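Below, read A as the first sequence line, B as the second, and so on, with proteins coming before strands; counting in each chain starts at 1. The model shown is predicted, which means the values in this text are computed figures rather than measured ones.
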Protein chains: 2
Amino acid sequence: MDKKRKQQLEEKGFRVGSAADFLELSPEEEAYIDIRLDISNMVKSQRAKRGWTQEQLARAIGSSQSRIAKLEGGDPGISLDLMIKALLRLGTSKKQIGKLLEGELEAA
Amino acid sequence: MDKKRKQQLEEKGFRVGSAADFLELSPEEEAYIDIRLDISNMVKSQRAKRGWTQEQLARAIGSSQSRIAKLEGGDPGISLDLMIKALLRLGTSKKQIGKLLEGELEAA
DNA sequence: TTTAATTATGCCAAATTCGACATATTAAAG
DNA sequence: CTTTAATATGTCGAATTTGGCATAATTAAA
């Protein structure tokens with residue numbers, strides 16, 4: 001199972017470091033990717049909740065539709081900064097983001 | 001007071017957008033900077049808690065001492081990604097980061 | 001004080017991320 | 001089916017962030 005997950009991550013473009021050369025991700029690598037996926041998923045769900053298109057969200061933060069698509073798809077070439085800016089623009093509060101990372105939020 | 005804060009931010013290098021041309025930061029800009037400062041402060045306190053030097057932390061995440069210094073100083077030229085990687089390497093959990101953003105953590 | 005250790009600041013070229021644009025692909029509606 | 005809106009994918013040059021390095025500035029210990 002881990003082998004498959006690693007392959008999936010690499011297909012998405014993640015650089016799985018030396019620790020992963022033996023198939024496993026380090027706890028830090030796992031947690032880092034986990035946080036990114038949590039946040040990108042929250043952008044997707046919050047945008048849907050507000051009925052915005054990717055184009056609308058993109059314009060609202062001075063970005064482009066293609067980057068929002070990549071963001072929501074978990075593309076590693078998207079910074080956490082851009083993700084957070086998107087979330088905030090969607091009306092998500094710092095507190096809500098905290099709850100998400102705490103695991104108290106399912107999909108928001 | 002707000003005038004002073006804006007000036008401080010600009011001195012640090014932040015680009016305070018059009019909304020700030022009238023002296024105020026938008027709620028999103030405020031929250032974004034707030035999140036970054038919270039996390040950078042947590043890196044500083046967690047590192048101190050473990051008695052690591054900036055050099056040690058830098059090596060542990062494949063970075064450099066100068067970037068850790070800038071990170072802890074709230075330099076805007078440091079990505080949230082690097083900050084999160086540093087926090088995780090210091091043993092901070094995703095859950096703890098969540099609590100920090102929720103406001104349930106004073107200094108950690 | 002002098003010395004050593006740590007942290008802060010500035011610059012560089014390389015790597016990464018950016019917005020943008022074009023163009024598939026998919027989904028929904030007619 | 002066709003049309004249209006929305007999303008996904010790929011590429012480009014520009015902008016940002018990177019690690020590394022030099023060197024101040026600060027702090028602590030002697």
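Legend: residues meeting salt bridge (Lys or Arg N to Asp or Glu O under 4.0 Å) with K94(A), ordered by chain and number and at least two apart, are D34(B), D38(B). A search for side-chain contact (heavy atoms from CB on, under 4.5 Å) contacts involving K99(B) returns E102(A), E104(B), L105(B), not counting sequence neighbours. Scanning for side-chain contact (heavy atoms from CB on, under 4.5 Å) contacts around T92(B) gives M42(B), Q46(B), L87(B), L90(B), Q96(B), I97(B), with sequence neighbours left out. Scanning for side-chain hydrogen bond (donor to acceptor under 3.5 Å, both in side chains) contacts around E72(B) gives R47(B), Q54(B), with sequence neighbours left out. Residues meeting the side-chain contact (heavy atoms from CB on, under 4.5 Å) test with S79(A), sequence neighbours left out: D81(A), L82(A), D81(B). Legend: residues meeting side-chain contact (heavy atoms from CB on, under 4.5 Å) with A31(A), ordered by chain and number and at least two apart, are L88(B). Residues that satisfy the salt bridge (Lys or Arg N to Asp or Glu O under 4.0 Å) test with R67(A), not counting sequence neighbours, are absent from this structure.
Using a 4.0 Å cut-off on heavy atoms, the residues of residues 57-72 of chain B that approach DNA chain D are G62(B), S63(B), S64(B), S66(B), R67(B), listed by number.
Chain A approaches DNA chain C over the interval dT16(C) to dC21(C), counting the first and last nucleotide 5' to 3' with an atom under 4.0 Å from its heavy atoms.
Between the side chain of R36(A) and the main chain of M83(A), no donor-acceptor pair closer than 3.5 Å is present.
The shortest non-hydrogen separation linking G98(A) to L101(B) is CA-CB, 3.7 Å. Looking at every heavy atom in both residues, G74(B) comes nearest to L37(B) through CA-CD2, 4.2 Å.
From one end of the helix from dT1(C)-dA30(D) to dG30(C)-dC1(D) to the other, with five pairs defining each end axis, the axis direction shifts by 50° (rounded to 10°).
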Please set out all donor-acceptor pairs under 3.5 angstrom arising from side-chain atoms of residues 57-64 of chain B, sequence neighbours excluded.
| residue | atom | partner | partner atom | Å |
| --- | --- | --- | --- | --- |
| R59(B) | NE | E55(B) | OE2 | 2.8 |
| R59(B) | NH2 | E55(B) | OE2 | 2.9 |
| S64(B) | OG | S66(B) | OG | 3.4 |

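We find the CD1-CG distance between I39(A) and L100(A) to be 6.5 Å, quoted to the nearest 0.5 Å.
Residues Q54(B) and D81(B) both approach DNA chain C. Their nearest nucleotides, taken by heavy-atom distance, put Q54(B) toward the 5′ side.
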At under 4.0 Å between heavy atoms, how does the protein contact nucleotides 24-30 of chain D? Give one character per nucleotide, 5' to 3', with B, S or -.
-------
